[in-house]
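Everything quoted here is computed from the prediction, not taken from an experiment.
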Amino acid sequence: MDPIEKKPLFHFYPGTKILSYATAGCNFKCLFCQNWSISQVPPENVPAKDISPPEMVDLALRFGSIGVAHTYTEPTVFYEYARDVGLLAREKGLVNVFVTNGYFTRDVLKDMKRWLHAANVDLKGDAEFYRRVVGGADVEVVRRNIKDLYKAGIHVEVTTLIIPGYNDDPEWYRAFVIDFLRSISPDIPLHITRFHPDYKMRDVPPTPVETLVRLRELALEEGMHYVYLGNVADPKYETTYCPNCGAPVIERHMYHVRVRLEGDRCPYCGQRIKVVGVRGTQGNSTTAFSPP
Ligand code: SF4
């Protein structure tokens, strides 16, 4: 059971927990992969357990989960299983979440519409970055899928891991990530996360926090409404601020979450905040929790 904020999803059932699982393997070979011990090895080398789709859904219900997160490696590689779990989970009133690299066909996306509620999609870098660091995928497929997931009414948040010297140029970030997302909707929550040396990129230093702060300021200046820093552990950069009056409306720190909304509105100025499934936790939070 993970906090939903760990996916990261900040505007989807904030403050709740979700049953999370993976299988071994991935369709990418990111040199920085933090989950390489399950994503880059054959399934027979990973301790695992057989769990049928009904058993997975029973587990979610037993643990009081809001649903099932298909996560950690790339869920598209076990798509058929995820869908079988997802359809059953949906029947039981639970939600389904994908944490994905966004690299799948239009047929998969068409099928997802039947059962998927939310996705956090990585937009990792430009075409050259995908060639050099990811292992050769076409980034335009990822951008197309972000747009199409949003159009399909699936809740979308986007994450970019910033690696010093690889994808930390502000001009590139403005043109390729911020302008692109804003053209879909400035309400898409954007997570800018800090790189730590791992897997085959242990010789690259961690991202300076100032670099991330600068990119966040840039995204806000350019009109994105909800921009967060990941792997920084500073509540200032994890809090949701009202895009109209600037008041903190969802406070977060180390997975502690306090929702201060009235329904889906800022309690101070009445601005609608783009958030799904709010459950009030304290103070003037009032909204009931109700899975779709
Ligand atoms: S897509 Fe994610 S899980 Fe797959 S190799 Fe890249 S970072 Fe690892």
Side-chain angles (χ1 to χ4, degrees), residues 1-22 53-54 56-123 142 145-159 181 184-185 187-191 226 228 240 250 257 259 261 263-264 272-280 287-292:
M1 291 287 285
D2 271 348
I4 191 79
E5 284 75 20
K6 195 174 170 187
K7 300 298 116 194
L9 285 171
F10 277 19
H11 288 236
F12 189 79
Y13 294 89
T16 61
K17 289 194 173 165
I18 189 160
L19 183 73
S20 304
Y21 79 95
M56 186 67 84
V57 174
D58 280 351
L59 274 176
L61 290 168
R62 207 171 336 136
F63 282 111
S65 175
I66 59 162
V68 182
H70 314 263
T71 179
Y72 303 132
T73 56
E74 171 49 42
T76 309
V77 304
F78 51 88
Y79 182 78
E80 294 80 359
Y81 176 81
R83 180 190 51 202
D84 289 352
V85 171
L87 286 168
L88 273 179
R90 190 181 181 118
E91 255 177 54
K92 301 280 183 191
L94 300 174
V95 296
N96 289 289
V97 163
F98 249 40
V99 182
T100 174
N101 59 34
Y103 200 64
F104 42 79
T105 64
R106 287 202 149 111
D107 287 344
V108 166
L109 198 141
K110 201 167 145 198
D111 192 72
M112 279 173 174
K113 290 183 202 168
R114 298 196 290 143
W115 63 275
L116 190 67
H117 299 90
N120 185 300
V121 187
D122 278 350
L123 182 52
V142 178
N145 285 339
I146 290 173
K147 202 184 278 188
D148 289 352
L149 282 164
Y150 184 86
K151 277 202 264 173
I154 293 168
H155 175 79
V156 178
E157 305 196 13
V158 170
T159 297
L181 292 179
I184 305 170
S185 168
D187 282 338
I188 293 179
L190 174 57
H191 302 265
Y226 310 109
Y228 305 100
T240 301
I250 307 176
V257 179
V259 180
L261 295 166
D264 62 352
R272 175 162 279 150
I273 306 295
K274 178 83 188 315
V275 61
V276 177
V278 171
R279 172 166 62 178
T287 316
F289 170 66
S290 56

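The neighbour count for Lys147 NZ, taken as heavy atoms of other residues, nucleotides or ligands under 6.0 Å away, does not exceed 12.
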Problem set entry | Pair Ile4-Val97, side chain to side chain contact (heavy atoms under 4.5 Å, CB included): steps then yes or no | CA-CA 9 Å; Ile4 191 79; Val97 163; 4.2 Å; yes
Problem set entry | Verdict with reasoning, Val142 to Asn101, per side chain to side chain contact (heavy atoms under 4.5 Å, CB included) | CA-CA 7 Å; Val142 178; Asn101 59 34; 6.0 Å; no
Exercise. Can you check side chain to side chain contact (heavy atoms under 4.5 Å, CB included) on Glu74 and Thr100, steps first, answer last?
Worked result: CA-CA 6 Å; Glu74 171 49 42; Thr100 174; 2.9 Å; yes
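From Ile146, atom CD1 reaches atom CG of Asp122 across 8.5 Å, with rounding to the nearest 0.5 Å. Here CD of Glu80 is found 9.0 Å from CG of Asp111. Values are rounded to the nearest 0.5 Å. Taking CZ of Arg83 as the start and CZ of Arg114 as the end, the distance is 6.0 Å to the nearest 0.5 Å. With rounding to the nearest 0.5 Å, the separation of CG in Leu116 from CD1 in Ile154 is 4.5 Å. The distance from atom CG of Asp107 to atom CE of Met112, rounded to the nearest 0.5 Å, is 11.5 Å. The distance from atom OG1 of Thr76 to atom CG of Asn145, rounded to the nearest 0.5 Å, is 8.5 Å.
The aromatic ring centres of Tyr21 and Phe78 sit less than 6.0 Å apart. Within the 6.0 Å centre-distance limit, the rings of His11 and Tyr228 are counted as a close aromatic pair.
The two residues Gly67 and Ala60 come nearest to each other via the heavy atoms O-CB, 3.8 Å. Taking every heavy atom of both residues into account, Pro53 and Asp84 meet most closely at CG-CB, 3.8 Å. Val57 approaches Lys92 most closely through the heavy-atom pair CG1-CG, 3.8 Å. Scanning both residues, Ala118 and Leu9, for their nearest heavy atoms gives CB-CD1, 4.1 Å.
Tyr72 has its side chain out of reach of Val99: every pair of non-hydrogen atoms, C-beta onward, lies at least 4.5 Å apart. Between Leu88 and Met56 there is no side-chain heavy-atom pair separated by less than 4.5 Å. The shortest distance between side-chain heavy atoms of Leu190 and Tyr226 does not fall below 4.5 Å. Contact of the Lys17 side chain with the Phe63 side chain is not registered, since no non-hydrogen atoms from C-beta on lie closer than 4.5 Å. Inter-residue side-chain proximity for Thr240 and Leu261 is flagged as unmet; no heavy-atom pair is nearer than 4.5 Å. Side-chain atoms of Ser65 and Leu94, non-hydrogen and from C-beta on, never get closer than 4.5 Å to each other.
Checked by atom type and distance alone, the side chain of Thr16 never pairs as donor or acceptor with a backbone atom of Ile66 at under 3.5 Å. At least one donor-acceptor pair under 3.5 Å links the side chain of Ser20 to the backbone N or O of Ile18. In terms of modelled atom types and a separation under 3.5 Å, the side chain of Glu5 and the main chain of Pro14 share no donor-acceptor contact. Between the side chain of His70 and the backbone N or O of Phe98 there is no donor-acceptor pair closer than 3.5 Å. In this structure, the side chain of Asp264 does not engage the main chain of Val275 through any donor-acceptor pair within 3.5 Å.
Ring orientation note: the planes of His191 and Phe10 are nearly perpendicular, at an angle over 60° on the 30°/60° scale.
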